[in-house]
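For reference, the structure discussed in these notes is given below.
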Amino acid sequence: MSIQTYQQLLATTTGLLLLTAVLQVWGRSIVRAIGLLVLQGIALAGLVLTVGLYAGEDSAWVVAGLLLVVKAVIMPWAMLRSARLIGVTREHSSRVNAAVELIGAAGLTLLAYAVSGPILGNHSDLAAQAVPVGFSLVLLGFWQLLVRGSAITQLVGFLMLDNGIATISFLTFGGLPLVVELGATLDVLLVVLILGVLMVRMQAEQGHIDISELRELRD
Amino acid sequence: MAILIWVPLVLPLLLAAVSIVLRSRAWTLWLPVSAAAVLLGVGVTLVVSVSSGGPLVTAGGLIRVDALSAWMLTVVGAVAVVALWGGIPHRTHRNRNIGSFASLLCLFLSAMSLAVVADNLGLMWVAVELTTITTAFLVGSRGGRGALEAAWKYVVLGSVGVAIAFLGLILLSAASRTTGEPTLSWVALLAHAGGLDPTLARAGAALAVLGFATKAGLAPVHSWLPDAHSQAPATVSGLMSGVLLSVAFYAILRVQAIADAALGPELMRGLLTAAGLLSLAVTAGLVITQKDFKRLLAYSSIEHMGLLALGAAAGGPLALAAVLLHMLGHGLVKSSMFVLAGRILGYTGSHDIADVRNLLRRRPDLGGPFLLGAAALLGFPPFVTFFTEVAIIVAGFQRGLGWQMLLACALLLVVFAGIARNVLAMTVGADPDPDAARTSPAPPDLPARFRQIPIGIALGVTAVIGFAAWPLAAPLLDAVTALGGAR
C-alpha cells in the first residue's frame, strides 16, 4: 500500500466515523440511529483493515471481519429486533432541546481535538494524527448517554463510546492481541444483548422505556 | 504448580454447564458452593506456593499469579463460600430458575478469578466486564420494576465506567511506546515505569482509576450501587458487596503501583483521597435517614471502599497490608450481613427498617448474628476491621495525610452513629407488638442450624484473625511487595 492510498483511506474512514457520530446527535428516528451505527461499524472495520495492512499484519483481515460482523450486522440486528418487539421507532424525550444538543456536540468535538494534542505530544505518525476522531466519538457517546431519555438511544450512545475507544486503540498501536480483541468484542456484544432483553422487559413491565421515568429507587 | 491456576478458571465453567443440565434439582445450588470451596483451596495453596517459590506464569505470560493475585483468589474464595452457602434458600423457598441462577453464579466466580490472575491489562478488562455481564441478570432476577431499574442502571453505568477504564489502560499501554514495543503486561509496565511517557501515563492512569472506581462503588460514581445491591437476591448482594467491589479495587491498586512508579505518588494520592473522603461523606449523609436495611448495608459498602481508597492513598507497607486484610474482613462480614438481610426479608416480607423490631427476641437466630456483624462493620474490637481501620488511619497520619484522616475520623463517627441507630432499632428496638414475639412460630431446628454454620465461621474468623494474623503477615507483605514494595 502506497503512503498516498494509506493516507486517503485513513482520512476516509476516520471522516466517516466522525460524520456518523455527529449525525447521531440530531434526528429522533431510532431506525436511522441504528442505520448510522451500521455505517460506523463498516467505517471502523475499514479503518482496522487499513491500519493493519499498512503495518503488514495478516491478522488484520480476521479482526476487521470480526468487527464487521459484530458491529455492522449482529448488534444492529439485535437492536432493531428489540426496537420492533417494543414497538418504538421514534424517540420522544430528550432532556435538552435540539439546538443545545448540537452546540454541545460541536463543543465536545473541539474539546476532543484540544485534549488529544497535548496527550499525543508531537508524534509525526499519520495514524496518531487521527486519534482526536476517536476522542470525539467517546465524548459524543457520553453526551448522548447524558441527554437522551430513551433506553434505546442510550444504548446507541454506549456503542458510539465503545467505537471511539476501539478507534483510539487501533490508531495508537495498531490493535490489541487477538485474544483480547475477541474478548472485548464479545463482551460488548453480550452487553448489547443483555440491555436489549432488559429493554423488552421494561416495556412489558411499565409500558415505556423512558429512563428519566425510572424513579422507583431513591433515597 | 502453574496448572493449578486453571482450576478456578475452568472448573466453574464445567459446573455451570452441569447446573444448566440439572436444572432445579435440590442440590444444584451446591455446585457454586463447591466451586467457591475449590477456589478457596486453590487460593490458599497458591499463597503458600508463591511465598516459597515466587510467581507462577502460564498461558504464554497472559496469566501470572504473584502474592497479590494469590491473596485476592483466597479472598474471593472465602467470601464466596460464605455468601453462596449462607444464601442457599430454605427448601420451601426454592423457585424454578435454580439451574440458570447457579450457572450464572459459577460463571461469575470464574470471571472474578480471571480478573485477579490476568497479567494483561486487556484480558483483565475483559474479565471485569464479564463480571458485569454475568451479574446483570442475577441483579434483575427478582423481577419487578425496582429490580429492572437497578439492573439497567447497573449494566449501563458499569459498562460505561469500565469502558472508560479501558480507554485509560490503552493510553497507559501507549505510554510504554517510549520503552520499545507497547506492552499490556502489569509486570512489564511496572518494570519500565521510569521510561513511560509522562503525559500519556498521567491521562491513562487517571482514566483507568476513574473507570474502575465506578465498578468499585467509590463516590462520586457510586450511584448504581445502593440500587443494585439492595435489589439483588441476598447471595448476589453478598458476593457483589463482599468481593466484586474488592476485585475492582484490586485493579485500582495495580494501576496505582504503575502510576506511582512512573509519575510519583501525588496524582493517585490526590484522586484516591478525594474519592475516599467523598465516599465517607456520601455514606454519612445517607445512613442516618435510611429506611431500607439492604440499602443501609449497601451504603456501608461505599464507606468501606472509601476506607480502602484512603489506605491506598496513604500507601506504604502498613496501609497496604491493612487494605488487603480489610478486603477479607469486610468481605466476610458483609456477605454474612447480606445473607442475614435476605433471611430477615423472608421473615418480615419488607425492606423497611421500620418493619423490623425486636429481632433479638423474636428471632435470635437472625438478630444475634446481625447485631454482631454490624459491630464488626462498625469496627468494634475484637473484629479485624478494628485493627485494619486503625492501621489505615495511623498510616495516613504517618505519611502526611493528617487533616484528611481527621476528617475521615469525623465522618466515620457520623456513619457509626447512623448505622448503630438503625441496627439497634431493628434488633433491640421497642417492640410495637410484644405478644407477637412469643406467639411467632419457632424456625425449623436442624436446617436452620445448618444454615447458620457459614455465618458463624465468617464472624468467628473475623473476630480472631486480628490476633492470629501472624501466619498472614508474610503473604500480606509479599503482596505489598508485588505492588512495588515500600513506597
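Chain letters run A, B, ... following the sequence lines, proteins first and then strands; every chain starts at 1.
A salt bridge does not link Arg145(B) to Glu149(B): none of the charged side-chain nitrogens sits closer than 4.0 Å to a carboxylate oxygen. Note on Asp352(B) versus Lys291(B): no salt bridge recorded, every NZ/NE/NH1/NH2 to OD/OE distance being 4.0 Å or above.
Residue Arg295(B) touches chain A through its side chain alone, counting heavy-atom pairs closer than 4.5 Å. For chain A, the nearby part of Asn120(B) is the side chain; its heavy atoms alone come within less than 4.5 Å. For chain A, the nearby part of Ala203(B) is the side chain; its heavy atoms alone come within less than 4.5 Å. Within the 4.5 angstrom heavy-atom criterion, atoms from both the backbone and the side chain of Ala151(A) approach chain B. Looking at Asp162(A), there are no atoms closer than 4.5 Å to chain B (heavy atoms on both sides), in backbone or side chain. Contact of Leu121(B) with chain A is not made at all, since no heavy-atom distance falls under 4.5 Å. Proximity to chain A (any heavy atom under 4.5 Å) is shown, for Ala150(B), by both the backbone and the side chain.
Contact count versus chain B (heavy atoms, under 4.5 Å) is highest, among Ile194(A), Leu155(A), Leu190(A), for Ile194(A). Put simply, of Leu186(A), Val191(A), Val197(A), the one with the most heavy-atom pairs under 4.5 Å next to chain B is Val191(A). Chosen from Thr132(B), Leu167(B), Thr199(B), Leu286(B), the residue pairing most often with chain A at heavy-atom distances under 4.5 Å is Leu167(B).
Smallest separation of non-hydrogen atoms from Ile288(B) and Val414(B): CD1-CG1, 4.0 Å.
A donor-acceptor pair under 3.5 Å is formed between the side chain of Ser279(B) and the backbone N or O of Ala219(B). The closest donor-acceptor contact from the side chain of Trp224(B) to the backbone of Ala151(B) lies at 3.5 Å or more, if one exists at all. Looking at Glu129(B), its side chain never comes within 3.5 Å of a backbone N or O of Asp187(A) through a donor-acceptor pair.
For the side chain to side chain contact (heavy atoms under 4.5 Å, CB included) with Thr283(B), the lone residue among Ile302(B), Leu278(B), Leu296(B) that qualifies is Ile302(B).
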